Amino acid sequence: MDALEILSDLENVFPYFQPIFNADEQSVIAYEVLGRYQSNGNVISLGAFFHDDQIPDEYKYEVDLIVVKKALEKALNLDEDVLIFLNRNAELLMYGHGEPFLQELLEFEKKGLSLKRIILEISDRNYQGDLDQFDHLLQYYRTYGLKIAMASIGDESHYFERIGQLEPDILKINLQALKSTAIGVNFTDVLFSLSLLARKIGATLLFENIEMSYQLQFAWKNGGHYYQGFYLHPPTEEFINRDLLKYRLKEKFHDFIAYEKRKLEAVYTTAEYFQTMVQDIVNKNKKASYEALFQALIKEMDDIAFRMYVCDEDGFQKSANIFKGENGWTTQSVYLNKNWSWRPYFLENIIKMRHEQKGRLSDLYGDIETGETIRTFSFPMNEHDYLFIDISYRYLFEHDQLL
């Protein structure tokens, strides 16, 4: 793309708008502004122009300013609760110490556009300047009501560190990774961590690049409040009817809800099944040794479980592991007296079992030793001892609503 051609033809620089839908009302809650250029009758994305390191910042700023001005002029006619997302990398935002851009926004505030509706979607991943100055500028912008969105997961350690430093209002997650056949528990675990972090800092999750139904379902299941992507609506030159997809999204959400209810019912039914079975075996073996108890459990759960052990209420292991490998069940004495209280939710589950006096079936998680996706059924044997039975992936796969 010829930068000089664009700079000499700014009349043909203009914004496109990609709608962002919310989960609670299934309507358009925001638009992301995207730069476009018309050349010989073709509409071309300006993404490559803004990402070209060879083009000086002042040229990028001039073109971006045209896009922003034209976009905000149109936005004056939108409902007052519709948000506007503006993409800003750190270099562009720091141009002129951030003051020229702010002054342009303040001019639109005089026209009636509340700056609380402006979301700055920032990216500082390759920024070579002073991050402290950049962060100060963002905090300065916030005093005017502007909100901050952080772009997609890249380098996870950097991403989480920056979330902690900036406490953005919106976390934007790119679902491009879901296209990969290699996607697995790790990506879901990262999203689970992000959803917890978002809740802690009061941030909203926005999932972008939704191109298929299963990606929308994934976003919905993983706490997404805002959704964006070609599956919902492509970028267009004009705004769309806010309720354009309300009926379609309601139907989709109804399907998602029904599916999740079936899965939850399956988990509940399985937990009740394990509860009845294990309680009966434990009651019949109250005076037996741990080894004898495990042998009685194996007779009923050989095709279900692959590991069993007993801990006290503080998480110290009172028995060895009994583990099912390729050659059958073996005893792993090395685990005796190990402590597991540091595991997430361990003590919380102990307290719940003590008060409810019944077993609990865990969420899905990755087993450290085998690397497989499993669940654990935990059961209160008495006031002090708690039985843990790890359920194999094979069993979960055969009962696929447990996955």
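None of the values given here were measured: they were computed from a predicted structure.
Panel note: side chain Gln215, backbone Met212; a donor-acceptor pair is recorded below 3.5 Å. Between the side chain of Lys60 and the backbone N or O of Phe50 there is at least one donor-acceptor pair closer than 3.5 Å. The backbone N or O of Ser333 sits nowhere less than 3.5 Å from a side-chain atom of Thr331 that would complete a donor-acceptor pair. Side chain of Thr269 to backbone of Ala266: no donor-acceptor contact under 3.5 angstrom is found. Using a distance-only test at 3.5 Å, with no hydrogens or angles considered, a donor-acceptor pair links the side chain of Asn22 to the main chain of Ser27.
Atom-to-atom distance recorded for Asn339:CG and Gln317:CD is 10.0 Å, nearest 0.5 angstrom. With rounding to the nearest 0.5 Å, the separation of CD1 in Ile119 from CD in Glu121 is 10.0 Å. Within the model, atoms CD of Gln332 and OG of Ser319 stand 11.0 Å from one another, a figure rounded to the nearest 0.5 Å. The distance from the CG atom of Leu138 to the CD atom of Glu167 is 13.0 Å, given to the nearest 0.5 Å. Once rounded to the nearest 0.5 Å, the distance linking CZ of Arg375 with CZ of Arg360 reads 12.5 Å. Here the CD1 atom belonging to Ile66 is positioned 13.0 Å from the OH atom belonging to Tyr37, to the nearest 0.5 angstrom.
Classification of the Tyr140-Tyr144 ring pair by plane angle, with boundaries at 30° and 60°, yields perpendicular.
The ring-ring contact (aromatic ring centres under 6.0 Å, His included) with Phe388 is formed by just one residue from the set Phe306, Phe379, Phe346; it is Phe346. Considering Tyr226, Phe239, Phe85 in turn, Phe239 is the only one that fulfils the ring-ring contact (aromatic ring centres under 6.0 Å, His included) rule with Tyr31.
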Audit row: Leu205, Asn222, side chain to side chain contact (heavy atoms under 4.5 Å, CB included) steps and yes/no: CA-CA 9 Å; Leu205 292 183; Asn222 285 278; 6.0 Å; no
Pair Glu272-Lys358, salt bridge (charged side-chain N to carboxylate O under 4.0 Å, His left out): steps then yes or no: CA-CA 9 Å; Glu272 290 293 307; Lys358 64 184 300 185; 3.1 Å; yes
Worked check of salt bridge (charged side-chain N to carboxylate O under 4.0 Å, His left out) between Glu265 and Lys261: CA-CA 6 Å; Glu265 286 289 347; Lys261 280 183 175 179; over 6 Å; no
Residue pair Lys352, Glu348: steps toward the salt bridge (charged side-chain N to carboxylate O under 4.0 Å, His left out) verdict: CA-CA 6 Å; Lys352 286 180 178 178; Glu348 180 182 345; 3.1 Å; yes
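For Glu369 and Arg307, the salt-bridge test passes: some basic side-chain N is under 4.0 Å from an acidic carboxylate O. Looking at Lys70 and Glu73, no side-chain N of the basic residue comes within less than 4.0 Å of a carboxylate O on the acidic one, giving no salt bridge. One finds a salt bridge joining Glu32 and Lys172 here, because a Lys/Arg side-chain nitrogen approaches an Asp/Glu carboxylate oxygen to under 4.0 Å.
A 6.0 Å sphere centred on NZ of Lys69 holds no more than 12 heavy atoms belonging to other residues, nucleotides or ligands. More than 12 heavy atoms of other residues, nucleotides or ligands lie within 6.0 Å of CD in Glu356, so this atom counts as buried by the packing criterion. For Arg394, the CZ atom sits in a loose shell: 12 or fewer heavy atoms of surrounding residues, nucleotides or ligands are nearer than 6.0 Å. Within a 6.0 Å radius of OH in Tyr59, no more than 12 heavy atoms belonging to other residues, nucleotides or ligands are found. Environment of CD in Glu383: sparse, with no more than 12 heavy atoms of neighbouring residues, nucleotides or ligands closer than 6.0 Å. Around atom CD of Gln139, more than 12 heavy atoms belonging to other residues, nucleotides or ligands sit under 6.0 Å away.
Considering only heavy atoms from C-beta on, Ile304 comes within 4.5 Å of Ile391 through its side chain. Contact annotation: the side chain of Val278 approaches that of Met301 to within less than 4.5 Å [non-hydrogen atoms, C-beta and beyond]. Contact of the Asp81 side chain with the Arg242 side chain is registered, since non-hydrogen atoms from C-beta on lie closer than 4.5 Å. At a threshold of 4.5 Å between non-hydrogen side-chain atoms, the residues Glu104 and Val68 do not count as touching. Side-chain contact between Leu364 and Leu396: present, with at least one pair of heavy atoms (C-beta onward) separated by less than 4.5 Å. Looking at heavy atoms from C-beta onward, Glu260 lies in side-chain contact with Trp220 at the 4.5 angstrom threshold. Between Trp329 and Asp302 there is a side-chain heavy-atom pair separated by less than 4.5 Å. Between His225 and Asp24, some side-chain heavy-atom pair lies under the 4.5 Å cut-off.
Lys111 forms a cation-pi arrangement with Phe108, by the criterion of a distance under 6.0 Å to the ring centre and an angle within 45° of the ring axis. For the pair Arg248 and Tyr231, the cation sits on the ring face: its NZ or CZ lies under 6.0 Å from the ring centre, inside 45° of the axis.
Residues Glu91 and Tyr95 bring no donor and acceptor atom of their side chains to less than 3.5 Å of each other.
Between Ala30 and Val82, the closest heavy-atom pair is CA-CG1, 3.9 Å.
Residues satisfying the side chain to side chain donor-acceptor pair (under 3.5 Å) test with Gln165, not counting sequence neighbours, are Glu161, Arg162.
The ring-ring contact (aromatic ring centres under 6.0 Å, His included) contacts involving residues 270-297 comprise Phe274-Phe377, where partners must be two or more places apart or lie in separate chains.
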